[in-house]
Amino acid sequence: MNNVFVYCEIEEGHIAEVSLELLSKGRSLALRQKCGLEAVVIGSGLKGIEKQIFPYGADVVHIADDKRLYPYTTLPHAAIVKGLFEQEKPGIGLFGATSIGRDLAPRIASALKCGLTADCTALEIGDHFEKKSNREYKDLLYQIRPAFGGNIIATIINPDTRPQLATVREGVMKKEIYSDDHKGEVRNIDLKKWLSDDDFVVKIIERHLESRKVNIKNAGIIVAGGYGVGSKDNFKMLYDLAGVLGGEVAGSRAAVDGGFIGHERQVGQTGVTVRPKLYIACGISGQIQHRAGMDQSAIIISINNDPEAPINQIADYTITGDLTEIIPKMIKYYQKNSK
Amino acid sequence: MSGLKIIVLAKQVPDTRNVGKDAMKADGTVNRAALPAIFNPEDLNALEQALRLKERYPGTTVTILTMGPGRAAEIIREAMYRGADGGILITDRKFAGSDTLATSYALSLAVRKLSPFDIVIAGRQAIDGDTAQVGPQVAEKLGVPQVTYAEEIISVNKKQITIERRLERGVETVSAPLPLVVTVHSSAPECRSRHAKYTIKYKHARSLGELQESSEDYLQLQKDRPYLLIKEWSVADINADLDQLGLSGSPTKVKKIENVVFTGRDSRILSDSDNDIEGLMKEMIENHTIG
């Protein structure tokens with residue numbers, strides 16, 4: 001079985017969280033298929049970067065180190081990954097569903113004429129029998145994602161093309177150290193082989209990156225609002241509740257689209273996946289894309305004026321009523337009883 | 001700076017944000033007929049960027065390119081009402097079942113047929129799939145650079161374009177040579193509404209398919225005013241290789257579709273009474289969930 005490759009992103013000299021999560025997933029897929037795990041790192045000043053990767057189980061780390069390769073631009077990274085994939089013929093290629101991964105992976109898929117599935121929420125290995133051709137396929141990558149507005153969950157396969165490509169959002173897969181002592185091989189990529197000056201025609205003039213100040217992913221308590229909160233003003237109440245409980249505020253896609261809350265706080269398939277010990281869902285109906293990002297919360301409280309809201313079916317507690325009355329009561333009775 | 005030749009890639013999509021109870025058929029498949037068909041929202045952001053360039057650089061033309069069933073001519077007409085010069089509908093049964101790779105193949109052939117071009121602009125992604133793949137795949141097939149997640153096209157000068165793009169954690173300004181593919185993010189300005197002048201001018205714009213179904217006599221009208229014809233291109237018109245289209249040109253296959261089934265937890269139902277809320281907060285404190 002051909003190896004699993006993970007494209008690793010660099011953030012301020014460190015391998016990005018999402019890439020470490022993908023390495024962990026890649027390791028388990030590789031074990032299941034009895035193949036190797038290889039990482040690809042493209043950037044600048046990468047000396048020693050492999051030390052961050054080996055504990056996650058990579059057998060080989062391919063490194064392309066050149067000052068023109070950081071920050072990321074599409075064409076040189078695409079040329080290197082394409083060249084490497086043509087040479088090494090991976091069975092599976094995984095990318096973060098990030099600004100970078102979602103820009104890069106489709107370019108690779110198009111160049112290699114292979115299949116790509118975006119924003120997978122689960123990856124598994126399984127077989128497939130094709131009735132039309134009477135053919136049995138062993139150990140395919142099942143790429144599982146909600147589709148069509150979240151009304152269905154689709155399992156996508158690429159029976160005939162390799163590599164099987166997928167992107168996955170940060171926080172969906174679990175980051176796990178494979179072994180602190182695990183060591184692999186470093187292979188430096190010969191840049192001249194795949195790069196030309198034409199790959200550097202897009203120039204970055206200016207960059208303003210905000211530091212990760214909002215961190216709903218690691219919050220123990222999340223107060224999340226949906227479209228049912230009604231207004232940006234009403235969202236202030238959620239901040240009040242999160243403030244007294246020591247939690248963070250998040251929102252559903254509908255709340256983000258409605259302008260109630262910033263995109264960096266969006267929970268769900270196209271946002272962040274969270275696993276807090278307490279998730280308070282206020283005015284969130286609970287479409288599958290939203291639930292994909294929070295259904296592993298330890299305790300879920302749903303506040304909704306619709307007793308039939310789908311989210312109530314995965315909630316541990318449902319409170320039916322007007323959230324503008326309920327939230328102040330929660331604050332009041334928390335303060336009364338916590339001391 | 002002379003005018004630019006701009007092609008806007010757009011898609012008519014089912015409005016997945018307004019899914020009603022009849023959206024799924026009894027057999028578990030999607031009932032497309034029950035969903036309203038709309039102009040993909042981020043493609044409207046893309047159209048707005050194109051129309052702004054048209055205002056800024058006289059002589060610029062904006063052509064809509066879409067692939068879909070006959071009714072997708074609606075979004076071309078809608079774009080014309082807002083200021084686009086015209087459009088082409090790629091439509092053929094042989095395209096059915098195309099995934100993003102096969103779709104980008106067909107679109108790239110149509111763009112080639114319209115070449116030379118300066119800028120292909122598309123929405124970042126369509127709401128029925130949220131893949132964001134077609135823009136970059138078209139760019140790769142055309143062999144041109146791509147700038148994704150554009151928020152604003154700042155300027156075009158001597159075949160060089162400057163674009164501000166929205167990243168997850170910030171913004172980035174890049175310059176790139178023409179021709180290229182740009183995909184536009186939802187945080188870019190919203191599309192202007194219909195313009196009365198264009199709405200009147202293009203009121204009778206029809207595709208060939210629509211003309212055939214229409215009982216009115218548009219033929220003479222279109223002979224007098226050829227700009228009213230929305231062109232339709234088939235597989236043959238874009239010289240497509242059948243092996244790269246539809247199901248056979250799509251490496252991704254759907255193995256299984258599951259309806260979303262809600263697996264219920266044991267849920268305790270509370271009222272909004274003071275008693276219930278206080279009980280809940282006490283319980284959360286006692287089991288150390290909060291506090």
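Protein chains get the first letters and strands the later ones, always in sequence-line order, with residue 1 at the start of each.
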*Asks:* Who pairs with B:S98 by side chain to side chain donor-acceptor pair (under 3.5 Å), at least two apart in sequence or on another chain?
*Replies:*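 In terms of side chain to side chain donor-acceptor pair (under 3.5 Å), with neighbours along the sequence ignored, B:S98 is linked to no residue.
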*Asks:* Should the pair B:D276-A:K329 be classified as a salt bridge under the 4.0 Å nitrogen-to-oxygen rule?
*Replies:*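 No salt bridge links B:D276 with A:K329.
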*Asks:* Applying salt bridge (Lys or Arg N to Asp or Glu O under 4.0 Å), run through B:E278 and A:K336 and close with a yes or a no.
*Replies:* CA-CA 9 Å; B:E278 181 161 19; A:K336 181 181 159 196; 2.9 Å; yes
*Asks:* For the residue pair A:G115 and B:T252, what are the closest heavy atoms and their distance?
*Replies:*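 The answer is CA-CG2, 3.7 Å.
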*Asks:* With a 4.5 angstrom heavy-atom cut-off, is it the side chain or the backbone of B:L167 that approaches chain A, or both, or neither?
*Replies:*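 Interface part for B:L167: both.
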*Asks:* By salt bridge (charged side-chain N to carboxylate O under 4.0 Å, His left out), which residues pair with B:R112, not counting sequence neighbours?
*Replies:* none
*Asks:* Rounded to the nearest 0.5 Å, what separates atom CE in B:M281 from atom CG in A:L245?
*Replies:*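 Taking CE in B:M281 and CG in A:L245, the distance rounds to 5.0 Å.
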*Asks:* Under a 4.0 Å N-O cut-off, is there an ion pair linking A:K82 with B:E140?
*Replies:*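 The answer is no: the pair does not qualify as a salt bridge.
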*Asks:* Given heavy-atom pairs under 4.5 angstrom as the criterion, report whether the side chain, backbone, both or neither of A:D119 touches chain B.
*Replies:* side chain
*Asks:* Rounded to the nearest 0.5 Å, what's the gap from CD on B:Q137 to CG on A:L116? Could you check?
*Replies:* 6.5 Å
*Asks:* Among A:I326, A:V201, A:T73, which residue forms the greatest number of heavy-atom pairs with chain B at distances under 4.5 Å?
*Replies:* A:V201
*Asks:* Under a 4.0 Å threshold between the charged nitrogen and the carboxylate oxygen, would A:D316 count as salt-bridged to B:R268?
*Replies:* no
*Asks:* Quick check on B:S271 against chain A: is it the side chain, the backbone, both or neither that has a heavy atom closer than 4.5 Å?
*Replies:* backbone
*Asks:* Does the pair B:R169 and A:E11 meet the rule for a salt bridge (Lys or Arg N to Asp or Glu O under 4.0 Å), with working shown?
*Replies:* CA-CA 11 Å; B:R169 294 189 295 127; A:E11 271 179 15; 3.7 Å; yes
*Asks:* Using the rule side chain to side chain contact (heavy atoms under 4.5 Å, CB included), only one of B:V147, B:T183, B:T148 pairs with A:D103; which is it?
*Replies:* B:T148
